[in-house]
A.B. asks: 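Below are the structure tokens for one structure; questions will follow.
FYI, side chains are in, hydrogens and waters are out, and symmetry mates aren't considered; it's all heavy atoms of this structure. Everything numeric in this text was worked out from a predicted model, so none of it was measured. In this chain, numbering begins with 1 at the start of the sequence shown.
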Amino acid sequence: MTVLIVLIFLAFAVAALLTVWRIIRGPSILDRAVAADVLLTLVLCVLGAEMAINHHTRTLPLLLIVAAVGVFGSISVARFVARRDQPAPPEQGSAGGSDAAREGGRR
């Protein structure tokens with residue numbers, strides 16, 4: 001049983017290292033955001049495995065906090081990327097002409 005536990009945590013450690021490598025290397029902000037989500041998921045899995053192995057629920061509040069941070073982080077990155085990718089609105093002055101033309105030439 002101990003060998004199996006060591007192998008499980010070794011697999012988690014290798015996955016975490018590969019995920020940190022993806023966060024460092026990029027190439028885009030979306031790749032980094034997905035890698036950060038994967039890393040938070042790995043943390044959740046390690047904490048859950050530790051709870052199951054040691055038969056306790058003391059780290060359950062920590063699991064909930066880490067999950068909330070992951071969700072809010074993903075929402076923030078998605079909003080940032082969506083706002084950045086929106087086309088710029090047309091300029092106000094060029095589409096409608098001058099104020100004098102809109103008023104019919106009255107002064």
A.B. asks: Look up atom CD1 in Ile65 and atom CG in Leu60, then write down how far apart they are to the nearest 0.5 Å.
C.D. replies: 10.0 Å
A.B. asks: Only one of Thr59, Val46, Leu62 clears side chain to side chain contact (heavy atoms under 4.5 Å, CB included) with Met51; which?
C.D. replies: Thr59
A.B. asks: Using modelled atom types and a 3.5 Å cut-off, is there a donor and acceptor pairing between side-chain atoms of Arg32 and backbone atoms of Ile23?
C.D. replies: yes
A.B. asks: Determine whether Phe80 and Val34 fall in the same hydrophobic cluster, where Ile, Leu, Val, Met, Phe, Trp and Tyr are linked whenever their side-chain heavy atoms lie under 4.5 Å apart.
C.D. replies: no
A.B. asks: Counting distance only, does the side-chain N/O of Arg22 pair as donor-acceptor with the main-chain N or O of Gly26 below 3.5 Å?
C.D. replies: yes
A.B. asks: Taking a hydrophobic cluster as the set of Ile, Leu, Val, Met, Phe, Trp and Tyr residues connected by side-chain heavy atoms closer than 4.5 Å, whether directly or through intermediates, do Leu63 and Leu40 fall within one such cluster?
C.D. replies: yes
A.B. asks: Find out if a path of hydrophobic residues (ILVMFWY) with successive side-chain heavy-atom gaps under 4.5 Å connects Val69 to Val71.
C.D. replies: no
A.B. asks: Find out if a path of hydrophobic residues (ILVMFWY) with successive side-chain heavy-atom gaps under 4.5 Å connects Leu39 to Leu64.
C.D. replies: no
A.B. asks: Rounded at 0.5 Å granularity, tell me how far CD1 in Ile5 sits from CD in Glu50.
C.D. replies: 10.5 Å
A.B. asks: Side-chain heavy atoms nearer than 4.5 Å, only ILVMFWY residues, links allowed to pass through others: does that put Phe9 and Leu4 together?
C.D. replies: yes
A.B. asks: Please report the shortest heavy-atom distance between Ala33 and Val77, naming the atom on each side.
C.D. replies: CB-CG1, 3.5 Å
A.B. asks: Look up atom CZ in Arg79 and atom CZ in Arg84, then write down how far apart they are to the nearest 0.5 Å.
C.D. replies: 15.5 Å
A.B. asks: Less than 4.5 Å apart, side chain to side chain, heavy atoms only: is that true for Asp31 and Arg25?
C.D. replies: no
